[in-house]
Every structure is written in C-alpha cells, then in structure tokens.
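Worksheet: the structure to be examined is printed underneath.
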Amino acid sequence: RLQATRAPGFRAATLPLLWSPGDGAALAAAVAGLCAAADAAIAEGANLLILSDRGVSRAAAPIPALLAVAGLHQHLITAGTRTLVSLIVESGEPREVHHYACLIGYGADAVNPYLAFETL
C-alpha cells in the first residue's frame with residue numbers, strides 16, 4: 001500500500017474511493033474508513049495520499065470525489081495532520097474547469113482526471 005517514489009523524501013499511499021452501495025449509512029462508513037486509512041498511511045510515513053476511484057464496478061461504486069476530499073481534508077485538519085500530506089485526486093469524475101476548481105477549493109493539492117486523458 002505504501003510506495004516509495006523516485007524522488008527522495010516522498011512516499012505515496014493510494015487510498016481507494018470505492019464502497020459497496022447499499023443504504024446511506026454505507027457511504028458514511030466508507031468516508032470514515034477512508035479517514036482511518038489516511039491516518040494509518042500517515043503513521044507509516046506517507047506524505048502523498050492518492051485518492052483513487054479506479055476499479056469502479058457493479059459491486060464497487062465511487063465515493064463522490066468532492067465528498068471524499070472535503071471529508072478527508074476536514075478530518076486531517078481536526079487531527080492536526082493536514083500539513084504533513086498532500087491530497088492528490090485520481091478520478092474519472094472531473095470534466096470541467098469548475099470541477100477542478102471545487103476539488104482544489106475543498107482541499108485537493110492536485111487532480112489527475114484519468115478518464116478525461118483517456119478520452120482525449
């Protein structure tokens with residue numbers, strides 16, 4: 001889960017933005033699980049958290065990227081660890097300039113819109 005990068009001093013952890021759709025409580029539990037996974041990655045030394053929705057299927061729906069970023073950003077502020085990490089969103093959701101602006105405004109440090117790149 002924790003990966004060393006080619007650049008010294010950077011350690012990345014990829015956190016999946018996937019959950020099993022069911023009822024509304026499942027989504028709240030998925031966001032709480034994302035926050036717990038981020039805390040564990042930070043404790044292991046990660047300083048780049050990649051929030052990825054790759055792997056979407058019938059059994060695994062994506063947590064909306066804006067919800068995930070905003071929730072995790074606020075969680076990390078409350079925990080006092082937000083300044084230790086960068087949040088990178090790897091999502092198929094963002095398509096328009098406004099989407100990127102909202103993600104950055106709600107706490108993302110970078111956005112990888114892989115679906116937009118694959119479409120081009």
Side-chain angles (χ1 to χ4, degrees):
R1 187 175 93 180
L2 189 62
Q3 336 162 26
T5 63
R6 291 183 183 175
F10 292 103
R11 296 184 72 193
T14 301
L15 307 177
L17 295 182
L18 303 175
W19 64 292
S20 298
D23 59 356
L27 181 57
V31 173
L34 174 66
C35 294
D39 289 339
I42 292 168
E44 292 176 14
N47 54 12
L48 301 172
L49 298 181
I50 302 168
L51 311 178
S52 178
D53 67 7
R54 288 185 189 255
V56 173
S57 67
R58 288 183 185 263
I63 298 172
L66 190 57
L67 173 65
V69 168
L72 182 57
H73 177 73
Q74 289 301 313
H75 168 77
L76 295 175
I77 287 173
T78 301
T81 55
R82 180 59 183 99
T83 59
L84 301 176
V85 296
S86 291
L87 300 180
I88 302 166
V89 178
E90 178 183 56
S91 177
E93 268 184 61
R95 292 173 305 280
E96 301 174 5
V97 173
H98 183 73
H99 298 157
Y100 302 100
C102 287
L103 286 167
I104 291 168
Y106 276 79
D109 294 300
V111 180
N112 173 12
Y114 67 86
L115 187 59
F117 290 144
E118 290 176 17
T119 302
L120 293 174

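Just so you know, these numbers use all the heavy atoms, side chains as well, and skip hydrogens, waters and symmetry mates.
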- Measure the CD1-CG distance between I42 and N47 for me, rounded to the nearest 0.5 Å. 9.5 Å
- Query: If every non-hydrogen atom of I63 is compared with every non-hydrogen atom of A68, which pair is closest and at what distance?
  - Reply: CG2-CB, 3.9 Å
- Sub-4.5 Å side-chain heavy-atom contact between P113 and Y100: yes
- Query: Does N112 reach the main-chain N or O of S91 with its side chain, forming a donor-acceptor pair under 3.5 Å?
  - Reply: no
- Task: Name all residues meeting the side-chain contact (heavy atoms from CB on, under 4.5 Å) criterion together with L66; count only those two or more places apart in sequence or in a different chain, and write none if there are none.
- Result: C102, L103, Y106
- Message: Run the side chain to side chain donor-acceptor pair (under 3.5 Å) test against R95 and tell me which residues pass, sequence neighbours left out.
- Response: none
- Mind checking salt bridge (charged side-chain N to carboxylate O under 4.0 Å, His left out) for E93 and listing every partner two or more places apart, or none if nothing turns up? none
- Item | Donor-acceptor pair, side chain of D53 and main chain of G92, under 3.5 angstrom | yes
Solution key, residues 76-89 side-chain donor-acceptor pairs under 3.5 Å, sequence neighbours excluded:
residue, atom, partner, partner atom, Å
T78, OG1, Q74, O, 3.0
R82, NE, H73, ND1, 2.9
R82, NH1, V85, O, 2.7
R82, NH2, G107, O, 2.7
R82, NH2, D109, OD2, 3.1

- Taking atom CG of L48 and atom CZ of F10, what is their separation to the nearest 0.5 Å? 6.5 Å
- Message: Within this structure, what is the CG-CG distance for the pair L34 and L51, rounded to the nearest 0.5 Å?
- Response: 6.0 Å
- Message: Could you go through V31 and L67, starting from their C-alpha distance and side-chain angles, then the distance that decides it, and tell me whether this counts as side chain to side chain contact (heavy atoms under 4.5 Å, CB included)?
- Response: CA-CA 8 Å; V31 173; L67 173 65; 4.2 Å; yes
- Note on the structure: side-chain contact (heavy atoms from CB on, under 4.5 Å) filter on A101, not counting sequence neighbours, yields none
- Identify, with sequence neighbours excluded, every residue that meets side chain to side chain donor-acceptor pair (under 3.5 Å) alongside H75. D39
- Heavy atoms only: give me the nearest P94-A116 pair and the separation to one decimal. O-CB, 4.4 Å
